[in-house]
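The sequence lines fix the lettering, A, B, ..., with proteins before strands; numbering per chain opens at 1. Worth knowing before you read on, the calculation uses all heavy atoms, side chains too, and leaves out hydrogens, waters and symmetry mates.
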Protein chains: 2
Amino acid sequence: MRIIQSDCEVIYDGRGHTELARGIRLILIKDDGTVIIHRTTGVKPTNYMGSVVSFDEYDDGERHVILAKSKKEQLMIINYNMVVDVRMPKIPDDADFNNVGTERQQQEWLSRHFHEVFGESNVYIMREFQTGDGSCDLLGYDTVHKRAVLIEVKRKAVKKDVYQVLRYRDAVMKAAVERKHGILDQIPSGDYSLSMFDKPHLILAAESVSRGVENECEQHGVKFVCTGTEWRHDTVPNSVARKDVNKYATRTDANDLEPVSSSLFDDNE
Amino acid sequence: MRIIQSDCEVIYDGRGHTELARGIRLILIKDDGTVIIHRTTGVKPTNYMGSVVSFDEYDDGERHVILAKSKKEQLMIINYNMVVDVRMPKIPDDADFNNVGTERQQQEWLSRHFHEVFGESNVYIMREFQTGDGSCDLLGYDTVHKRAVLIEVKRKAVKKDVYQVLRYRDAVMKAAVERKHGILDQIPSGDYSLSMFDKPHLILAAESVSRGVENECEQHGVKFVCTGTEWRHDTVPNSVARKDVNKYATRTDANDLEPVSSSLFDDNE
DNA sequence: TCATCCATGTCGGAT
DNA sequence: ATCCGACGTGGATGA
């Protein structure tokens, strides 16, 4: 990791084009080549670039230019005064990162508490049902009316989400009309018929809701169901460890790192 | 700006809950209180927090704990070994950030090249037309059929975007049915009647398009129009300067900053 | 590679 | 304060 504090201009060109006028910023260059440029306020960097393929660095009399290129983009940092330019040792970090409270977990919890939340007459079929135009979070079956139940899960539902369900409805109804039986193949025990998609029930299930969503639901024949917050306390683990870390560094213990006074000035790799 | 390299655990709790196991990370604490924690690879931080209200910091024999709180969230950083902990002077940065190639600029360009792109019979009325359920990028008028033209602009259109137009159509048709004349108030020279929204024309205008979008458009009576890339070279400026910067620092010139050897160890504010 | 969808999304603008 | 939509969205996942 290289850390630079510099009076600089930044020009990005690629998917878009940005120019950041001269000022003092903090620049990080990570071990994998990632470049991140931060101003003094705010969570998001003004500029950044991942998947860097090559670095060019040269002095121009007045300016020290750093040019990072990826496949289709480039980031030019024109430094007028690099106040700080230090490198820290490359350190691996394969620690677990556990994230609780994702929509995925909410979805999984609902699959396990299906009757309780959606009623006795509805049975759970599967998660991530491919409609032909995106995947619907939960697919159920209304045993009374013999219809599919399409359920979109959100933590906080907004009006736009109603249309996401309508999109899934259009897709499965299209499959039903066009007799595309392939859509049934993904259902585990396949004793269902295509006709269940003729007029599917639609549900938007969320923990909380923006104003006007219930109204929007009503107007479009979508049922709104509140999931509550119980799912947050009964989640499947979600740990993710980085696997690619040892590409960039060998194992190091923090105690082996140089103390501040010398490590910060190790300007060599 | 404070920069910490530390062997630490991180626990976030708020909208979600995350736990990052022990490892060596880089921690930034910006002048506005923003906290950002980066691992050795990747563009995005593992943890972050903006709008910080208070910091708590205490030693626990073994560990040095930093606790940042915002209104509804908190971020606990448990440090086992702070290898680096330096503060850089607070520096203002009110420089312009200019972003070229935004949808906003594409929208503005289309408003200036309306006939050329959408045809002679269509006239431009306004941008950001409030439909009652979200704002439609462009509102035009078909002088032949005497209908409103609702246009959604995208750089790259995907199938979901078709439904965004349908949503605006539903909203304005609802206004027409319910005789809500208020929707006309936002039109500059208001010699239009509510009936123009009875059966509006729908257009999705984009520079490029994902596979299947034209098909989706056809099925829902939406016309797809390709905008080309010309707009990228004829844009209105989009500069944004930070206004709140001087809250956090007074003006400083890079040349006034301490050279590396001393500034990094200025551990006082 | 492309398409889709989530995100502790963040951010800016408008109501 | 909330709602709304864009973003150089990034990142993961499945086809």
Side-chain angles (χ1 to χ4, degrees), chain A residues 10-19 34 36 41-51 70 72-75 97 99-107 128 130-137 152-156 158-161 164 167-168 171 186 208-213 232 238 240, chain B residues 10-18 34 36 42-51 70-75 97 99-107 128 130-137 152-161 164 167-168 186 209-213 232 238 240 242-243:
Chain A
V10 183
I11 300 171
Y12 158 81
D13 199 77
R15 282 168 293 180
H17 179 93
T18 70
E19 297 185 10
T34 300
I36 304 169
T41 62
V43 171
K44 293 183 72 175
T46 53
N47 290 94
Y48 53 88
M49 194 156 101
S51 319
S70 71
K72 308 179 135 175
E73 302 171 287
Q74 74 171 44
L75 187 61
F97 181 71
N99 191 350
V100 178
T102 65
E103 190 202 279
R104 196 82 175 183
Q105 293 167 328
Q106 186 185 15
Q107 184 198 100
E128 299 295 343
Q130 302 300 126
T131 60
D133 186 4
S135 59
C136 184
D137 286 318
E152 177 58 28
V153 179
K154 294 288 173 195
R155 282 179 317 204
K156 176 162 184 169
V158 297
K159 279 186 274 189
K160 167 181 60 171
D161 298 330
Q164 190 175 348
R167 188 152 74 90
Y168 297 149
Q186 55 191 311
S208 69
V209 67
S210 290
R211 207 172 55 75
V213 170
R232 285 180 182 268
N238 192 22
V240 179
Chain B
V10 182
I11 300 171
Y12 158 79
D13 199 77
R15 282 167 295 180
H17 179 93
T18 71
T34 299
I36 304 169
V43 172
K44 294 184 74 173
T46 56
N47 290 93
Y48 53 89
M49 193 155 104
S51 319
S70 71
K71 205 148 196 174
K72 306 179 137 176
E73 302 171 288
Q74 76 170 47
L75 187 62
F97 182 71
N99 190 352
V100 179
T102 65
E103 189 201 280
R104 194 81 175 184
Q105 291 168 328
Q106 185 184 14
Q107 183 199 103
E128 300 294 345
Q130 303 301 126
T131 61
D133 187 4
S135 61
C136 184
D137 286 318
E152 176 59 27
V153 179
K154 294 289 174 195
R155 280 175 320 192
K156 176 162 183 170
V158 297
K159 279 186 275 190
K160 162 184 63 162
D161 299 329
Q164 191 176 346
R167 188 152 77 89
Y168 297 148
Q186 55 189 311
V209 67
S210 290
R211 206 167 47 74
V213 170
R232 286 180 182 268
N238 191 23
V240 178
R242 294 243 172 145
K243 292 145 211 156

* To do: Respond yes when some side-chain nitrogen or oxygen of B:K72 is under 4.0 Å from OP1 or OP2 of D:dA1, and no when none is.
  => no
* Distance in angstrom units between A:Y48 OH and D:dT9 P, rounded -> 7 Å
* **Distance, P atom - from C:dT8 to D:dC4, rounded to whole angstrom** => 22 Å
* To do: Please examine the side chains of A:Y12 and A:T46, heavy atoms only from C-beta on, and report whether any two atoms are closer than 4.5 Å.
  => no
* **Atom pair CD1/CG of B:I11 and B:L75 - distance to nearest 0.5 Å** => 9.5 Å
* Do any side-chain nitrogens or oxygens of B:N99 fall under 4.0 Å of OP1 or OP2 in D:dG8? -> yes
* **Whichever of B:H17 and B:G50 has its nearest DNA chain C nucleotide further upstream toward 5'** => B:H17
Extract from the structure each pairing of a protein N or O with an N or O of nucleotides 3-6 of chain D at less than 3.5 Å, listing the distance.
| from | atom 1 | to | atom 2 | distance (Å) |
| --- | --- | --- | --- | --- |
| D:dC3 | OP1 | A:R211 | N | 2.9 |
| D:dC3 | OP2 | A:K156 | NZ | 3.4 |
| D:dC4 | OP1 | A:K159 | NZ | 2.8 |
| D:dG5 | OP1 | B:R167 | NH2 | 2.7 |
| D:dG5 | OP1 | B:Y168 | OH | 3.4 |
| D:dG5 | OP2 | B:R167 | NH2 | 2.9 |
| D:dA6 | OP1 | B:E152 | OE2 | 3.0 |
| D:dA6 | OP1 | B:K154 | NZ | 2.9 |
| D:dA6 | OP2 | B:K154 | NZ | 3.1 |

* Figure out the CZ/P separation between A:R15 and D:dG8, and round it to whole Å. => 8 Å
* Spacing of B:E73 atom CD relative to C:dG9 atom P, expressed in whole Å -> 8 Å
* Asked: What distance do B:H17 atom NE2 and A:N99 atom CG have between them, rounded to the nearest 0.5 Å?
  -> 9.5 Å
* Asked: Rounded to the Å, how far apart are A:Q130 CD and C:dT4 C1'?
  -> 9 Å
* Strictly by modelled atom types, are A:Q186 and A:E128 linked by a side-chain donor-acceptor pair under 3.5 Å? -> no
* To the nearest Å, give me how far apart NZ (A:K44) and P (D:dG11) are. => 12 Å
* Asked: Going from OH on A:Y48 to OG1 on A:T34, what distance comes out if it is rounded to the nearest 0.5 angstrom?
  -> 12.0 Å
* Atom pair CD/CG of A:E152 and A:D137 - distance to nearest 0.5 Å -> 4.0 Å
* **Touch class at under 4.0 angstrom, heavy-atom based, for A:N47 against every strand present** => base
* Asked: CG of A:D161 versus P of C:dC5: gap in Å, rounded?
  -> 11 Å
* Kindly compute the distance separating NZ (B:K72) from CG (B:D13), expressed to the nearest 0.5 Å. => 13.5 Å
* Calculate the interatomic distance between B:E128 atom CD and C:dG12 atom P; express it in whole Å. => 17 Å
